[in-house]
Amino acid sequence: MGDGSYQRIWSVVRRIPRGRVATYGQVARVAGLPRQARMVGYALHALPEQVAGSVPWQRVINAQGRISARAFPGSEAVQRRLLEREGVAFDRRDRVDLDRFGWRVRTRSRRA
DNA sequence: CCGGTGACGCGCG
DNA sequence: GCGCGCGCCACCG
C-alpha cells in the first residue's frame, strides 16, 4: 500500500447505515479522494478476510444503482442477498433507487 | 520505465 | 435510456 488510503476508504464504508447504499464515487469523495472511484473498488477487493466482517462492503454499488460485476461471478448474488436482507429493494432491472436508498451524508460543509 | 487492467464515473451523440 | 470514449490511478508483470 502506498499510504493509509485503504484505511480511509474502509472507515468511510463503515459509516454507511444499514439499509442504505453509497456509490464508489461518493465514498471516494467523502474519503477525500475525489475522482478516484476506481480505487474504492480496488480497496474493497483488497479487503482482508479479517476486517471484512467489520466493513459493510455490500453497501457500495455503482452510480447506476447496480451491483458492479467482478472477476469472480456469484459474489454479486451474495451482495444482493445481503442488501435485500437489510431492506434494500431492487427493481426488475436489478437496480436500486438511489433517491430512496442512497446514503445521505450528514455534513455541514457539504455544498448543495 | 511501459503498458495492460480494473468492485468507476461522466459527458456525448 | 444506452453505448462509447476517455479520464483517473494504484498494481503488477
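Because the structure is a prediction, the values reported are computed rather than measured. Just so we're on the same page: letters track the sequence lines, and every chain starts at 1.
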Check against side-chain contact (heavy atoms from CB on, under 4.5 Å), A/Leu33 and A/Val40: CA-CA 9 Å; A/Leu33 300 167; A/Val40 173; over 6 Å; no
Non-neighbouring partners of A/Arg85 that pass side-chain contact (heavy atoms from CB on, under 4.5 Å), sequence neighbours left out: A/Leu82
Partners passing side-chain contact (heavy atoms from CB on, under 4.5 Å) against A/Pro34 (at least two apart in sequence or in another chain):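 Scan of A/Pro34 (side-chain contact (heavy atoms from CB on, under 4.5 Å), adjacent residues dropped) gives none.
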Can you tell which of [options] lies closest to the side chain of [X]?
X	options	value
A/Ala37	B/dA7, B/dC8, C/dA10	B/dC8
A/Arg38	B/dA7, B/dC10, C/dC8	C/dC8
A/Asn62	C/dA10, B/dG9, B/dA7	B/dG9
A/Thr23	B/dC8, C/dA10, B/dG9	B/dG9
A/Arg95	C/dA10, C/dG7, C/dG1	C/dG1
A/Gln36	B/dA7, C/dA10, B/dG9	C/dA10

[X] near the nucleic acid: base, sugar-phosphate alone, or nothing, with a heavy-atom cut-off under 4.0 Å?
X	answer
A/Ser75	nothing
A/Arg93	sugar-phosphate
A/Ala28	nothing

In whole angstroms, how far is the [atom2] atom of [N] from the [atom1] atom of [X]?
X	N	atom1	atom2	result
A/Leu47	B/dA7	CG	P	15 Å
A/Leu33	B/dC8	CG	P	16 Å
A/Gln26	B/dC8	CD	C1'	14 Å
A/Ile61	B/dC8	CD1	C1'	13 Å
A/Leu44	B/dG6	CG	P	17 Å
A/Arg66	B/dG9	CZ	P	13 Å
A/Phe72	B/dG6	CZ	P	16 Å
A/Met39	C/dA10	CE	P	6 Å

Nucleotide paired to C/dC8 in any strand shown, Watson-Crick or G-U, under 3.5 Å: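 Across all strands, not a single nucleotide pairs with C/dC8.
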A/Ile67 and A/Asp94: CA distance, side-chain angles, deciding distance, side-chain contact (heavy atoms from CB on, under 4.5 Å) verdict: CA-CA 8 Å; A/Ile67 290 175; A/Asp94 306 311; over 6 Å; no
C/dC8 phosphate, OP1 or OP2, under 4.0 Å from A/Tyr24 side-chain N/O: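 A/Tyr24 to C/dC8 OP1/OP2: no side-chain N or O under 4.0 Å.
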Side-chain (A/Gln58) to main-chain (A/Gln79) donor-acceptor, under 3.5 angstrom: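 No, A/Gln58 side chain to A/Gln79 backbone: no donor-acceptor pair under 3.5 Å.
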